[in-house]
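Only this structure's heavy atoms are used, side chains among them; waters, hydrogens and symmetry mates stay out. Quick caveat, the model's predicted, so the values are computed rather than measured. Numbers restart at 1 for each chain; the letters A, B, ... are given by sequence-line order, proteins then strands.
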Number of protein chains: 2
Amino acid sequence: MLVSTGPDSVLVRRMRDAGVRVTPQRIAIYSALIGTDAHPTAKSLYEHLSPGVPSLSLATVYNTLRTLVVHGLVHELGDAGDGCAHYDADLTPHVHLICTCCHQVRDFFGVSIGGVAAAVAEESGYRLQGARLAYIGICPQCSEPTARRPVV
Amino acid sequence: MLVSTGPDSVLVRRMRDAGVRVTPQRIAIYSALIGTDAHPTAKSLYEHLSPGVPSLSLATVYNTLRTLVVHGLVHELGDAGDGCAHYDADLTPHVHLICTCCHQVRDFFGVSIGGVAAAVAEESGYRLQGARLAYIGICPQCSEPTARRPVV
DNA sequence: TTAGCTGCAAATAGTTTGCAGTTTT
DNA sequence: AAAACTGCAAACTATTTGCAGCTAA
C-alpha cells in the first residue's frame with residue numbers, strides 16, 4: 001500500500017470531508033481500495049485484510065463499502081460474471097474491461113470519456129453521482145489457445 | 001408488443017441464427033424484451049408474462065435470459081440499486097441512466113458512443129461481446145421536492 | 001430419436017440486518 | 001452522552017441446479 005494512513009492523511013481527511021465517520025476498519029478498507037487497481041470484491045478485501053485486522057468481519061466490509069459508495073468515495077462496478085460486486089476507489093472517469101472468462105476487471109484509459117459525463121449531466125437533467133462504464137469480452141490472455149483458465 | 005411472433009418472424013429467425021433453440025417460453029420472453037424499453041428484471045418479466053403463458057416458471061425466465069445473453073441477443077445491464085439484474089434487447093450502442101432513487105433504467109441516446117467500442121476493441125485486444133455503459137444519479141422526477149418516491 | 005428445454009422444489013451464495021457491546025465525535 | 005459503528009449469527013433473496021417428464025429439431 002502506497003498511501004499514508006496516519007490520522008491526518010489525505011485518506012482520513014477525505015473521509016471526514018465526505019461525512020464518513022472514521023474507524024480503523026474503514027481506514028483499512030478504504031486504503032486497501034486506494035492502493036490497488038485490482039477492483040476487489042467484498043470477500044477478496046476481507047480475505048486480504050483479515051490477517052492484519054484481526055476480528056474484522058465480512059459484514060463490516062459490506063457495510064463500509066456501502067457507506068463509501070453512498071458518500072461518493074468509491075464506485076461500485078457491479079458483477080463481473082462471478083456473481084459479486086467489484087469496487088474501485090479511482091474516481092477518474094475511465095472505462096473498465098471485464099473478461100467473461102477470468103472475471104478480471106481492468107482499467108482502460110485508452111479512450112477519453114471525460115466529456116461524456118458532462119454532456120449526459122446537461123442533457124439528461126440527472127444529478128449525476130457516478131458511472132459504470134464497462135466493456136465485456138474475452139481478454140487477450142484468455143484468448144490464447146494455450147491459456148489455462150485462471151483461478152476464479 | 002409490436003413484434004410479430006409467427007414462426008417466421010424476425011425474432012424467431014434471430015434466435016435460430018444465434019443457435020438458440022426456439023420454444024414458446026423463449027419467444028414470449030424475447031419478444032417481451034424487444035417490445036419494451038423498460039429494461040425489465042427476471043421477476044418483472046415473469047410477472048408480466050405469467051398470466052399469458054400459464055405455467056411459465058421463474059426458473060425458465062432466468063435460464064432463458066442467461067441463454068439469450070450468452071448468445072448475444074440480449075444485454076445484461078446489472079443491478080440498478082434494487083438488487084437485481086436488468087435486461088435490454090436493444091443492442092444499439094447507447095448509454096443507460098440509472099436513478100438511485102426510483103431504480104429505473106432509462107435509455108439515453110443523447111451522446112454517441114458508437115466509436116468508443118471500436119477504439120476499445122482495437123486498443124485493448126479484447127474480443128468484445130457487449131458493453132454496460134451507465135451513468136448513475138437522481139432523475140429529474142425524483143429530484144423534484146414534491147416528488148413522491150415511486151414504488152420500488 | 002435425442003439432445004435440450006421446462007417446471008418444480010431445493011440448494012447456493014452474495015448481501016443485509018438484529019442485537020448487545022464498543023467507539024467516535 | 002449521543003449517535004454511530006462493530007462482530008456475530010441469523011435472515012433475506014436473487015439466482016442456480018437436480019430431476020423427471022416433455023419437446024424442438
Side-chain angles (χ1 to χ4, degrees), chain A residues 5 7-8 11-13 15-30 39-47 49-50 52-71 73-74 76-87 103 152, chain B residues 5-9 11-13 15-30 39-47 49-50 52-71 73-74 76-87 103 152:
Chain A
T5 56
D8 293 315
L11 188 151
V12 169
R13 210 171 313 139
M15 287 202 267
R16 290 228 166 83
D17 289 349
V20 172
R21 194 174 279 212
V22 178
T23 70
Q25 293 89 337
R26 288 176 174 193
I27 292 176
I29 292 166
Y30 187 32
H39 313 91
T41 65
K43 192 160 82 171
S44 73
L45 274 169
Y46 173 68
E47 288 167 353
L49 295 172
S50 213
V53 187
S55 94
L56 175 67
S57 78
L58 183 55
T60 294
V61 177
Y62 275 108
N63 288 332
T64 295
L65 286 170
R66 190 177 16 163
T67 299
L68 295 175
V69 168
V70 166
H71 289 79
L73 294 174
V74 162
E76 199 255 45
L77 309 182
D79 175 21
D82 52 359
C84 46
H86 292 245
Y87 296 86
H103 303 147
V152 181
Chain B
T5 55
D8 291 315
S9 69
L11 188 152
V12 169
R13 211 171 313 139
M15 288 201 269
R16 289 228 167 82
D17 289 349
V20 173
R21 191 175 279 213
V22 178
T23 70
Q25 294 88 338
R26 290 177 174 193
I27 293 177
I29 293 166
Y30 187 34
H39 313 92
T41 65
K43 193 162 79 169
S44 73
L45 274 170
Y46 173 68
E47 289 167 352
L49 295 173
S50 213
V53 188
S55 93
L56 175 66
S57 78
L58 183 53
T60 293
V61 176
Y62 275 108
N63 288 332
T64 295
L65 286 171
R66 191 177 14 164
T67 298
L68 295 175
V69 168
V70 166
H71 289 78
L73 294 174
V74 163
E76 199 256 44
L77 310 182
D79 174 20
D82 52 359
C84 47
H86 292 244
Y87 296 85
H103 303 147
V152 180

ask   = Nearest-Å distance, CG (B:L56) to C1' (D:dC22)?
value = 15 Å
key: Nearest atoms (heavy-atom pairs only) where B:Y46 meets B:L56   = CE1-O, 3.0 Å
message = Measure CD1/A:I29 against P/D:dC5 and give the value in whole Å, please.
response = 12 Å
request  = Rounded to the nearest angstrom, tell me the gap between atom CE in A:M15 and atom P in D:dA4.
outcome  = 18 Å
query = Which residues pass the side-chain hydrogen bond (donor to acceptor under 3.5 Å, both in side chains) test with B:Y87, sequence neighbours left out?
reply = none
Length of the CG-C1' vector between A:D79 and D:dA14, whole Å = 11 Å
request  = Go through the steps for A:L73 and A:T67 under the test side chain to side chain contact (heavy atoms under 4.5 Å, CB included), then give the verdict.
outcome  = CA-CA 9 Å; A:L73 294 174; A:T67 299; over 6 Å; no
request  = May I ask you to evaluate whether B:Q25 reaches the phosphate of D:dT23, defined as a side-chain N or O under 4.0 Å from OP1 or OP2?
outcome  = no
query = Given atom CG of B:L65 and atom C1' of D:dT15, what is their separation to the nearest angstrom?
reply = 11 Å
Donor-acceptor contact below 3.5 Å, side chain A:S44 vs main chain A:T41 = yes
message = Heavy atoms from C-beta onward define the side chain here; which of D:dC5, D:dG7, C:dC5 lies closest to that of A:S57?
response = D:dG7
message = How many whole angstroms separate atom OH of B:Y46 from atom C1' of C:dT6?
response = 13 Å
remark   = Expected string for nucleotides 9-25 of chain C under the B/S/- scheme (protein heavy atoms, under 4.0 Å, primed atoms plus P, OP1, OP2 as sugar-phosphate) is B----SBBB------BS
task = Measure from the side-chain N and O atoms of B:H86 to the backbone N and O of B:H39, and report whether any donor-acceptor pair falls under 3.5 Å.
result = yes
task = Determine the sole option in B:V69, B:T64, B:V70 for which the side chain to side chain contact (heavy atoms under 4.5 Å, CB included) test with B:R66 is passed.
result = B:V70
query = To the nearest Å, how far apart are B:L45 CG and D:dA14 P?
reply = 14 Å
